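Remarks on the structure that follows.
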Amino acid sequence: MEDIFNRARLLLGNEGIERISSKHVSLFGVGGVGSWCAESLVRSGITHLTLVDADCVNITNVNRQLMATTLTIGRPKVEALKDRLLEINPDADITPVQALFSADNAADFHLDSYDYIIDCIDSLKDKTALIELASHSPANLFSSMGAALKIDPTRIRVAEFWDVHGDPLARAIRKKFHREGRETGKPFLCVYSEELLENQGEPEEPSADDVIKKACVNGSLAHITAIFGHTLAGLVLQDIVSRGGN
């Protein structure tokens with residue numbers, strides 16, 4: 001009998017889909033990158049997905065975030081995204097966590113309980129904390145570097161964290177690791193682009209969430225953030241399939 005994963009089964013087989021559906025993925029940050037990553041995962045057979053994000057949908061999110069529409073403004077992002085994902089697969093186990101991850105509350109997130117951790121956090125401090133802890137956990141980690149100030153999809157790349165070049169966010173995280181004497185654990189792949197444009201429009205007044213998360217607000221486009229997100233999902237799926245029964 002055909003089901004929503006029929007085309008995926010044609011490519012990966014029943015065993016492949018079963019392996020994918022058995023994994024538990026935790027996604028930190030469901031904005032421009034994370035929201036598209038979540039959709040790609042669920043459409044590809046991931047059924048156990050935890051969504052972590054403290055923000056609510058803002059009007060400025062509508063241009064690039066999957067669940068952000070004029071009808072969802074003001075709703076918690078994780079709740080709006082959960083509704084969207086359950087429309088795709090009503091049997092999916094989606095856990096929304098409306099919270100901000102930090103070094104201080106990291107124990108609340110039980111990082112050791114996941115098969116995969118995907119980092120789409122904006123805040124430098126919190127992103128660094130997640131990368132450090134997740135790379136030392138049993139989970140497999142994948143991370144998004146900066147997706148703003150870019151328009152050329154052909155320049156999006158994947159590399160191990162310490163081999164990422166031309167990305168200011170990766171550079172800032174590495175400097176923070178060196179300065180504070182931190183170390184990453186096992187190697188992990190990042191999605192990034194060396195492209196770095198300048199804002200052309202008038203700077204907007206940052207929202208309260210933006211002030212908390214980052215020092216400035218930069219322009220970004222849906223096709224770039226979506227490619228980042230889909231690429232992260234692809235890395236997870238590729239890893240699951242390549243490991244076979246492991």
Side-chain angles (χ1 to χ4, degrees), residues 16-31 33-35 37-38 40-42 44-55 76-79 81-82 85 91-145 158-162 164 169-170 173-174 176-177 180-191 213 229 231-246:
I17 292 298
E18 288 174 5
R19 287 198 298 272
I20 290 170
S21 66
S22 71
K23 302 303 182 184
H24 192 167
V25 179
S26 186
L27 177 56
F28 289 81
V30 297
V33 174
S35 59
C37 179
S40 189
L41 289 171
V42 170
S44 300
I46 290 292
T47 57
H48 305 289
L49 181 61
T50 297
L51 308 173
V52 181
D53 198 302
D55 295 347
K77 290 182 180 179
V78 291
E79 295 288 350
L81 183 56
K82 175 184 177 180
L85 299 176
D91 296 325
D93 172 26
I94 311 294
T95 303
V97 180
Q98 190 181 8
L100 182 70
F101 175 89
S102 70
D104 295 332
N105 67 0
D108 297 339
F109 294 90
H110 308 289
L111 298 182
D112 290 354
S113 66
Y114 302 110
D115 297 297
Y116 290 88
I117 294 173
I118 304 177
D119 157 46
C120 297
I121 293 177
D122 290 328
S123 162
L124 175 61
K125 179 180 70 172
D126 299 333
K127 192 178 191 74
T128 302
L130 178 61
I131 285 175
E132 180 182 28
L133 295 171
S135 66
H136 284 92
S137 78
N140 299 289
L141 170 66
F142 295 98
S143 180
S144 171
M145 294 297 110
V158 174
E160 204 285 321
F161 172 65
W162 293 99
V164 172
L169 181 55
I173 297 169
R174 288 194 293 259
K176 191 171 178 63
F177 268 95
E180 298 176 2
R182 303 181 183 215
E183 293 182 355
T184 54
K186 56 183 174 294
F188 62 96
L189 295 176
C190 300
V191 181
K213 293 191 298 181
T231 303
L232 285 167
L235 292 172
V236 171
L237 297 168
Q238 184 178 25
D239 190 78
I240 294 172
V241 171
S242 68
R243 291 175 183 269
N246 297 327

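Side-chain atoms are counted along with the backbone in the values below, which use heavy atoms only and exclude waters and symmetry mates. Only a predicted model underlies this, so the values are computations on that prediction, with no experimental measurement involved.
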message: Rounded to the nearest 0.5 Å, what separates atom CG in D122 from atom CZ in F28?
response: 14.5 Å
query: Do the non-hydrogen side-chain atoms of D119 and F188 ever get within less than 4.5 Å of each other?
result: no
field: Minimum heavy-atom distance between L27 and G34, given as atom pair plus value
entry: CD2-O, 3.1 Å
task: Could you walk me through whether L124 and L169 pass the side-chain contact (heavy atoms from CB on, under 4.5 Å) test, one step at a time?
output: CA-CA 8 Å; L124 175 61; L169 181 55; 4.2 Å; yes
message: Rounded to the nearest 0.5 Å, what separates atom OG1 in T50 from atom NE2 in H24?
response: 3.0 Å
message: Any heavy-atom pair between the side chains of D239 and Y116 that's under 4.5 Å?
response: yes
- prompt: Checking E160 side chain against L189 main chain: does a donor-acceptor pair fall under 3.5 Å?
  reply: no
query: Can any side-chain N or O of T47 pair as donor or acceptor with the backbone N or O of S21 at less than 3.5 Å?
result: yes
- prompt: How far apart are the closest heavy atoms of I118 and C37, and which atoms are they?
  reply: CD1-SG, 3.6 Å
query: Which heavy atom in V164 sits nearest to a heavy atom in A159, and how many Å separate them?
result: CG2-O, 4.0 Å
task: Side-chain contact test, heavy atoms from C-beta onward, threshold under 4.5 Å: evaluate it for I20 versus L237 and give yes or no.
output: yes
- request: Please name the pair of heavy atoms, one in V191 and one in T231, separated by the smallest distance, quoted to 0.1 Å.
  value: CG2-CG2, 3.7 Å
field: Residue pairs, two or more places apart or on separate chains, that pass salt bridge (charged side-chain N to carboxylate O under 4.0 Å, His left out) and touch residues 180-190
entry: E132-R182, K176-E180, E180-R182
query: Have N105 and S102 got a donor and an acceptor in their side chains that come within less than 3.5 Å?
result: yes
- request: Let me see the working for D115 and I240 under side-chain contact (heavy atoms from CB on, under 4.5 Å), right down to the final yes or no.
  value: CA-CA 10 Å; D115 297 297; I240 294 172; over 6 Å; no
query: How about F109 and L133: do any of their side-chain heavy atoms sit closer than 4.5 Å?
result: no
message: If I take atom CG from residue L41 and atom CG from residue L49, how far apart are they, to the nearest 0.5 angstrom?
response: 6.5 Å
side-chain contact (heavy atoms from CB on, under 4.5 Å) between H48 and Y114, intermediate numbers included: CA-CA 10 Å; H48 305 289; Y114 302 110; over 6 Å; no
message: If you apply the rule side-chain contact (heavy atoms from CB on, under 4.5 Å), what do you find for T184 with I131, and how did you get there?
response: CA-CA 7 Å; T184 54; I131 285 175; 4.2 Å; yes
query: Between V52 and A99, what is the shortest heavy-atom contact and its length?
result: CG1-O, 3.6 Å
- request: May I ask you to check whether over 12 heavy atoms, not counting those of Q238, lie within 6.0 Å of atom CD?
  value: no
- prompt: From I173 CD1 over to M145 CE, what is the distance, rounded to the nearest 0.5 angstrom?
  reply: 4.0 Å
message: Any non-hydrogen side-chain atom of L51 less than 4.5 Å from a side-chain atom of K77?
response: no
- request: Answer yes or no: is there a side-chain heavy-atom contact under 4.5 Å between I94 and V42?
  value: yes
message: Using a 3.5 Å distance criterion without hydrogens, assess whether the side chain of R19 forms a donor-acceptor pair with backbone atoms of R243.
response: no
- request: Measure the CG-OG distance between L232 and S40 for me, rounded to the nearest 0.5 Å.
  value: 9.5 Å
message: I'd like to know if the side chain of K127 and the backbone of S144 have a donor-acceptor N/O pair within less than 3.5 Å.
response: yes
field: Between CG on residue L130 and CG on residue L111, distance to nearest 0.5 Å
entry: 6.5 Å
